[in-house]
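Read the numbers this way: they start at 1 and go in the same order the structure lists the ligands and their atoms.
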Amino acid sequence: MRRILLSICLLSLSFIALAGTIDQIIPKPQSATILKGEMRIKGPAIKCDPAMDQMSIEVVKKFAGKLSLVSGYTSSVSTPVGLHSVVDGGSAKGIIFLKDSSLDKEAYRISIGEKAAIIRANDQNGFLYAVQTIMQLLPESIYGKKPSTSERWALPCCEISDSPRFAYRGMHLDSARHFWSVEQVKKYLDVMAYFKLNRFHWHLSDDQGWRIEIKSYPDLTRIGSFREGTMIGRSFSSNDNIRYGGHYTQEQIKDVVNYAARLGIEVVPEIDLPGHMLAALTAYPHLGCTGGPYATWTKWGVSDQVLCVGKESTFEFLEAVLGEVAELFPGRYVHIGGDECPKTEWEKCPDCQAKIAELGLADDEHYSAEQYLQSYVTRRMQDYLATKGKKIIGWDEILEGSIGEGATVMSWRGAVGAQKAASMGLDAILTPGSNCYFDYCQSEDTESEPVSFPATLLIEKVYALDPFEGIDEDKRHHIIGVQGNLWTEYIKTPEHLEYMLLPRLLALSEVQWCTAENRDYGRFTESLENHGYKILEKAGYNYRKNL
Ligand code: ACM
Ligand code: ZN
């Protein structure tokens, strides 16, 4: 009798443990219902609908490989015909992936019974996110790289129906202030995919370094990817005098783009213009108002030295660069920056002033002639990129002056930019410093944290972002998403980079994925403590351990 009681206790305990798992998925699914029972996973047959595209089948094969490695049981993937009727007839066994054209982009459904797990989606990202959810229903060792055969490999019986709130779920990385290897960038993409992010905004040029090979302007990387030292800590007058550099070849860029595509992530490259261009000016001084000499910056901040936009040679340069960028990145967007462009040089430059006169620009009660000159540059780049099939994204400064139809605004100085853009009928992405700047410290006690930008962004503040605040109901469809930004002035090592990213990325993922009603900070922190940290641990990331 005691033994029977013990087994009943153990049984119900394992049921509770599994029931907990479904509540711990990050980001929380739209709807998830736990059922009685479980499906044991001992090298299950994995079958894909032959109607699935090749990239989706690759997603499943990668999962099967991981499951085989970690569980110690082999699972292979087949694509038999007639799967739908087997499933409809109720005789399915194993893990079955079905193409379901009635589902929305990125949506998926999972139905797990004791004999079969049926997964339905309509596109690669739908299958990918179903797999991510299944991974989170398995022991966290699934994220490891070693066999973990002592685990109990099972899935809880359940029904899940899920889709994202926002189409643009981004994370940014600054590779200009400090350079990140291809390997590190891929690891960054991996953790984004675990939590269903789908846009990687890659900041590739700035005052402190040019990081992307441009074949028609080779000195951008030969000269502009190096700086003669870096300021130490937060001391702007210091310099460690250690030459610093690094760049991505076009082959490496293609490799990252392909890697991201397999993770359902579109790469959004940023060439920041017409400010934040000192590295380019150092390589090609004729692009500046004064002709130089210039030196790639060794300190942080905003340089007054910007591109001279009074000269046609600058536009030749920009078109050559953006032309190569458009070729390398197959996504729909190119980010052209536009932030923090001081106008001090343009005010004094005969070429820039002649351009202002030629265009008939003048100060008015809203903006200066020089701000309108920047709008002209933005518009020209927008028109040029349109000939390559691309749309532009710009920081919210592109709203100053006049803005072209079809531009997407990235709102970083609060949400005002997004509110203004949406009211004008333009798409916007929220990245307000107050909730989305992951270069800020993760504690009020900034001295207790690694040296970072001297401000604080607590994880609860990330979670608290309401993307629709201040947006009229009939304009909300213009808010296409939310993004976290990780500027790397103060971040030099992969360990520090991951520490700043994690676990705030997990909070961000719920802002991007979950409806407002489905968000609950209490549930999120419990999931993080009991499950999220374990994923990060097993997958080998450095992260901040306390909430
Ligand atoms: C920015 O943080 N300068 C966009
Ligand atoms: Zn000029």
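Near Glu340, with a cut-off below 4.0 Å to any heavy atom, the atoms of ligand 1 are 3 (N). Residue Trp487 approaches ligand 1 through these ligand atoms, each under 4.0 Å from one of its heavy atoms: 1 (C), 2 (O), 4 (C).
The Zn ion (ligand 2) forms the vertex of an angle spanning SG of Cys352 and SG of Cys289; to the nearest 10 degrees it equals 110°. Annotation: angle subtended at the Zn ion (ligand 2) by Cys308 SG and Cys349 SG is 110°, to 10°.
Within the structure, the salt bridge (Lys or Arg N to Asp or Glu O under 4.0 Å) test picks out the following pairs touching residues 171-181 (sequence neighbours left out): Asp174-Arg177, Arg177-Asp206, Arg177-Glu489.
Taking only nitrogen or oxygen atoms, main chain and side chain alike, Tyr437 reaches within less than 3.5 Å of ligand 1. Taking any N or O of Trp412, backbone or side chain, none lies under 3.5 Å from an N or O belonging to ligand 1. In terms of polar-atom proximity, Asp339 is counted as a contact of ligand 1, with an N or O under 3.5 Å from an N or O of the ligand.
Stacking of Arg519 on the aromatic ring of Tyr463 is recorded, both the 6.0 Å distance cut-off and the 45° axial limit being met.
Atom CD of Glu183 is surrounded by 12 or fewer heavy atoms from other residues, nucleotides or ligands within 6.0 Å.
Between Tyr129 and Asn125, the side chains place a donor N or O and an acceptor N or O closer than 3.5 Å (distance only, hydrogens not considered). Counted by atom type alone, Tyr376 and Arg380 present one or more donor-acceptor pairs between their side chains at under 3.5 Å.
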